[in-house]
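Remarks on the structure that follows.
The sequence lines fix the lettering, A, B, ..., with proteins before strands; numbering per chain opens at 1.
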Protein chains: 2
Amino acid sequence: MRFSYQREVIKNIVCSTKSHPNADWVFNEAKKKIKNISLGTVYRNLKILESNGTIKSFHDSSQVRYDGNVEDHHHLKCIECGILIDTDIKSDYDREKIIKNYEFEPNDIEFFIIGKCKKHKTQTTKKNKEL
Amino acid sequence: MRFSYQREVIKNIVCSTKSHPNADWVFNEAKKKIKNISLGTVYRNLKILESNGTIKSFHDSSQVRYDGNVEDHHHLKCIECGILIDTDIKSDYDREKIIKNYEFEPNDIEFFIIGKCKKHKTQTTKKNKEL
DNA sequence: TAGTAAGTAGTAATGATTCCTATTTATATT
DNA sequence: AATATAAATAGGAATCATTACTACTTACTA
Ligand SMILES: [Mn+2]
Ligand SMILES: [Mn+2]
Ligand SMILES: [Zn+2]
Ligand SMILES: [Zn+2]
């Protein structure tokens, strides 16, 4: 793998945000450092960075999002604003039951908690204060 | 809501399979009953059926999949063949912790167990038999 | 048995991502 | 340092899933 300044910039962008950006956001950030970087370069390098374990990715509705936090972790997702928040929650399921009842070999889980973030949750107290 | 034969056909297709089809598969099935049905009609009616609770949908990588099983349930997904299998597993997480630590109001969870289905799991016994 | 508004077919447009290719560049070798 | 060369890039075209548009059709109403 040859060195590439573009890849270095892209890596730093993804690894220095907790916002779980999509390719287009990364592209726009990268343009601030490299005026003529191309979107294809961003996509290609995001894939390379993922395949060598530098970053992770997951699908979020119709887009792919990238994550500089490569620790095993799950997310909270706000239905109002779409924000994705890292958590340290563990999800439990009956692994033995899966193997036995479904003859399925589980490797990994994909787990999101959907709801409302602090900015958007329906707080009666908050509402009263605003009146 | 006016009656529509197209919608009736689409509903029956989705509700009589456990395959979690995408719009295109539904479209091809529907064409067997209505030769000139249009893809737009399929998309529009899938949305209507979802919004009135007749079917459900979820994102699976880059596509939307539809589910005639409207009971609360989660899925197993095979990394080899992509099959999505209904389960009765319950996923547990510490709801109170989420509310307290993240000021987040959880409503729902999106939960997939990724692994290998019985057709694709690496069975030592199976391999030996094949030799 | 109209009238009309909801629904449809067919096609164009959109948005995210991938593919293509001529040019540039990192790096290994003289 | 100059040269060779294969990897990487910029810019643009292509693809794929989905949505939007619109003239025509049809279910229901009175
Ligand atoms: Mn994360
Ligand atoms: Mn299901
Ligand atoms: Zn929010
Ligand atoms: Zn499988």
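- Side-chain contact check for B/D86 and B/H75: at least one donor-acceptor pair (N or O, by modelled atom type) lies under 3.5 Å.
- Side-chain atoms of B/R7 come within 3.5 Å of backbone atoms of B/R2 as a donor-acceptor pair (strictly under, hydrogens ignored).
- With sequence neighbours excluded, the residues forming a salt bridge (charged side-chain N to carboxylate O under 4.0 Å, His left out) with B/K32 are B/E29, listed by chain and number.
- When rounded to the nearest whole Å, the span between CD1 of B/I37 and C1' of C/dT11 equals 16 Å.
- Distance, B/F3 CZ to D/dT29 C1': 18 Å, rounded to whole Å.
- Distance B/L46 CG to D/dT19 P: 10 Å, rounded to the nearest Å.
- A donor and an acceptor atom, one from each side chain of B/Y43 and B/D24, are nowhere located under 3.5 Å apart.
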- Using a cut-off of 4.0 Å between protein heavy atoms and nucleotide atoms, how would you tag nucleotides 15-23 of chain C 5' to 3' with B, S and -? -SBB-----
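- At distances below 3.5 Å, not a single donor-acceptor pair connects side-chain atoms of A/R65 with backbone N or O atoms of A/F58.
- In this structure, B/Q6 does not reach the D/dT26 phosphate: none of its side-chain N or O atoms is under 4.0 Å from OP1 or OP2.
- Atom CD in A/E8 sits roughly 13 Å away from atom P in D/dA8 (whole-Å rounding).
- Salt-bridge formation is not detected for the pair A/D94/B/K90: no Lys NZ or Arg NE/NH1/NH2 atom is positioned less than 4.0 Å from an Asp or Glu carboxylate oxygen.
- Across A/P106 and A/Y93, no two heavy atoms sit closer than the pair CB-OH, 3.5 Å.
- Counting to the nearest Å, the P atom of C/dG10 and the NZ atom of B/K31 are 10 Å from each other.
- Summarising the geometry of A/E50 relative to A/S57, their closest heavy-atom pair is OE2-OG, 2.9 Å, with the distance given to 0.1 Å.
- Between C/dT8 and B/S38, no contact under 4.0 Å exists linking OP1 or OP2 to a side-chain N or O.
- Listed pair B/S4 / C/dT8 meets the phosphate criterion, a side-chain N or O lying under 4.0 Å from OP1 or OP2.
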- What one-letter contact string describes nucleotides 1-7 of chain D from 5' to 3', where B marks a base within less than 4.0 Å of any protein heavy atom, S marks contact via sugar-phosphate atoms alone, and - marks no contact? -----BB
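- The separation between B/I10 atom CD1 and C/dG7 atom P is 12 Å, rounded to whole Å.
- Whole-Å rounding puts the B/N45 CG to D/dT19 C1' distance at 14 Å.
- Taking the charged nitrogens against the carboxylate oxygens, A/D67 and A/K18 have no contact shorter than 4.0 Å, which rules out a salt bridge.
- The distance from atom CD1 of A/I34 to atom C1' of D/dA8 is 12 Å, rounded to the nearest whole Å.
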